[in-house]
Asks: 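I am attaching a structure below and will ask some questions about it afterwards.
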Amino acid sequence: MNGPPPRTSALRRDKLYVGLDSSTQSLTAIVIEVDGTEARVVFDESLPFDDTFPQYGTEHGVLSASAKAPAGQALEAFSSPVMWADALDTMMRRIADSGLDVGKIAAISGSAQQHGSVYLNASAAAVLGHFDASRPLAVQVAPMLSRQVAPIWMDSSTGAQCVEIAEAVGGQQTLARHTGSRAFERFTGPQIRKFAQTDPAAYAATDRIHLVSSFMASLLAGTHAPIDPGDGSGMNLMDLATKNWSPDALRATAPDLGSKLPPVAESWSIVGTLSPFWQRRLGFPAARVVAWSGDNPCSLVGTGLVREGVVAISLGTSDTIFGIMPTPRPSDDGAGHVFASPTGAYMGMTVFKNGSLARERVRDDYGLDWRGFSAALAATPAGNNGATMLPWFDPEITPLVLEPGVRRHGLDAADANANVRAVVEAQMMSLALHSRWMGVTISTIYATGGASANRDVLQVMSDVFNAEVSQLETGNSAALGAALRAFHADRRASGTPLPWEDVIAGFVVPRRDTRLTPQPANVEIYRELMELYAQREREALA
Ligand code: XUL
């Protein structure tokens, strides 16, 4: 029989999955194409907030009013939910205009900066599903807000509320045992409590409190989305064992809080489909919208850490270290967090605020670019001849430092090279010291995030941890993780579930060509320097 060959089943099977990452400084989208057993990234773009949306007046994604606040409020940090909606609208248009066959999009999910909260009034429930496709999303989101700004993870102004919540539930240990973390300033519960105390009328007018992740998912699906257990663990409100709100924590935090929170639902839940707004406005199909999660839980998937053993270090706006934990064992020194993992297990994590911003401060203070930064590292010896820096340019999360200030020991502030080495060594030693609680013997590290492109930085990481370090193909493991989660959830919902190993296969292969191994002489130097660093840290905090 002649005529065109039948379309192969492989061709008919190809599908697109979208992963968005609404981070502190930008919105990124990664689209993956899955065709039978073949899979690849077909779209990868970022919209930096400050440059793309200058009308909102953010600096590094933070409203500059909060950055320039008078003493006393200087610990606050806010961003704009309307800007995030604007970025979503712009990014979805970029995808629609990219030349991809968007009709093949089967599912979309996302990742978001953790802890930030968005406060919506009662109009939202009706408005979300009926956005006007001829008008920009941002102008339609603004009237749904009961609070114009969203406190974000960089806010450390809730010390008093942390104490109050911990006392009400029977102490920090009890809170950590139930929710995975002691009370942390940036966590959503303490932030909600502060809002309820300082603006009770606006709190009363709040019908629904979303995380950044569930807010963005709601905008896509046109309905209030649930919070997934991964991001829900960053609130001091969710019981890790039941993956539901903890009645004690709710009571300790704010009045009527249970009625204002969305339900917790598994990370692979299908929230709905892309709403008519997206279908009419940009020609998207009724693709499945999968629950969003936090950026660190998504990075766990995007770095391929779906089983215990390896840890990942993400060098982003914040530096984080995380890995899978089979059982939720909270950190006894109060430094770290146990989160639910979007794979269904648990993850241990420690977070440092002085990540990229500290590296950029040192780079800029000495008039360097990244090449000069690397050259400075290459020109200085491991251990910096004993000179150290406590790199607290901003208030620090780990260890808790509310009065920022860089402390130098044996380090000349005028010596550019030594200061570059000092900031990198401090960050790596602090990562190593404050992740000991996880009880993991670290032999392999996957590095991700912007600064992971710098091999001189990664060599210090390898020497300090005495571990092999591999770079991953993509710098944005959070957006990739979100796309992979969309793929996983779509297969599950279609009745053809795939094990996580198969979901990540081909995407998160570490680049063996770039593997760095520890240099024994340097390992020895850091073994000693780390104790000195720990001592200097203790003294500074005493
Ligand atoms: C995690 C944390 C940060 C943000 C950054 O606890 O505070 O890593 O998620 O986006």
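This structure is a prediction, so every number in the text was calculated from the model and none was measured. Each ligand, and each atom within it, is numbered from 1 in the order the structure gives. Both backbone and side-chain heavy atoms feed into the values below; hydrogens, waters and symmetry mates do not.
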Asks: Applying side-chain contact (heavy atoms from CB on, under 4.5 Å), run through T24 and I152 and close with a yes or a no.
Replies: CA-CA 8 Å; T24 315; I152 61 162; 4.2 Å; yes
Asks: Within 45° of the six-membered ring axis of F195 and under 6.0 Å from that ring's centre, is NZ or CZ of R147 located there?
Replies: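 Satisfied, under 6.0 Å and within 45°.
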Asks: Within the side chain of S109, is there an N or O that forms a donor-acceptor pair under 3.5 Å with the backbone of A291?
Replies: yes
Asks: Can you tell whether the side chains of E45 and R94 come within less than 4.0 Å, N to carboxylate O?
Replies: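 Judged by the 4.0 Å cut-off on N to carboxylate O distance, E45 and R94 do form a salt bridge.
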Asks: I'd like to know if the side chain of T52 and the backbone of F49 have a donor-acceptor N/O pair within less than 3.5 Å.
Replies: no
Asks: In a table with atom names and distances, give each donor-acceptor pair under 3.5 Å that connects a side chain of residues 440-453 to protein atoms at least two apart or in another chain.
Replies:
| unit_1 | atom_1 | unit_2 | atom_2 | d |
| --- | --- | --- | --- | --- |
| T448 | OG1 | G475 | O | 3.0 |
| T448 | OG1 | S477 | OG | 3.1 |
| S452 | OG | G449 | O | 2.6 |

Asks: Starting from the N and O atoms of ligand 1, find every protein N or O within less than 3.5 Å and list the pair with its distance.
Replies:
| unit_1 | atom_1 | unit_2 | atom_2 | d |
| --- | --- | --- | --- | --- |
| ligand 1 | 6 (O) | H115 | NE2 | 2.6 |
| ligand 1 | 6 (O) | R186 | NH2 | 2.8 |
| ligand 1 | 7 (O) | H115 | NE2 | 3.3 |
| ligand 1 | 7 (O) | R186 | NE | 2.8 |
| ligand 1 | 8 (O) | N296 | ND2 | 3.0 |
| ligand 1 | 8 (O) | S318 | OG | 2.9 |
| ligand 1 | 9 (O) | Q114 | N | 3.1 |
| ligand 1 | 9 (O) | D295 | OD1 | 2.7 |
| ligand 1 | 9 (O) | D295 | OD2 | 3.4 |
| ligand 1 | 9 (O) | N296 | ND2 | 3.4 |
| ligand 1 | 10 (O) | D295 | OD2 | 2.4 |

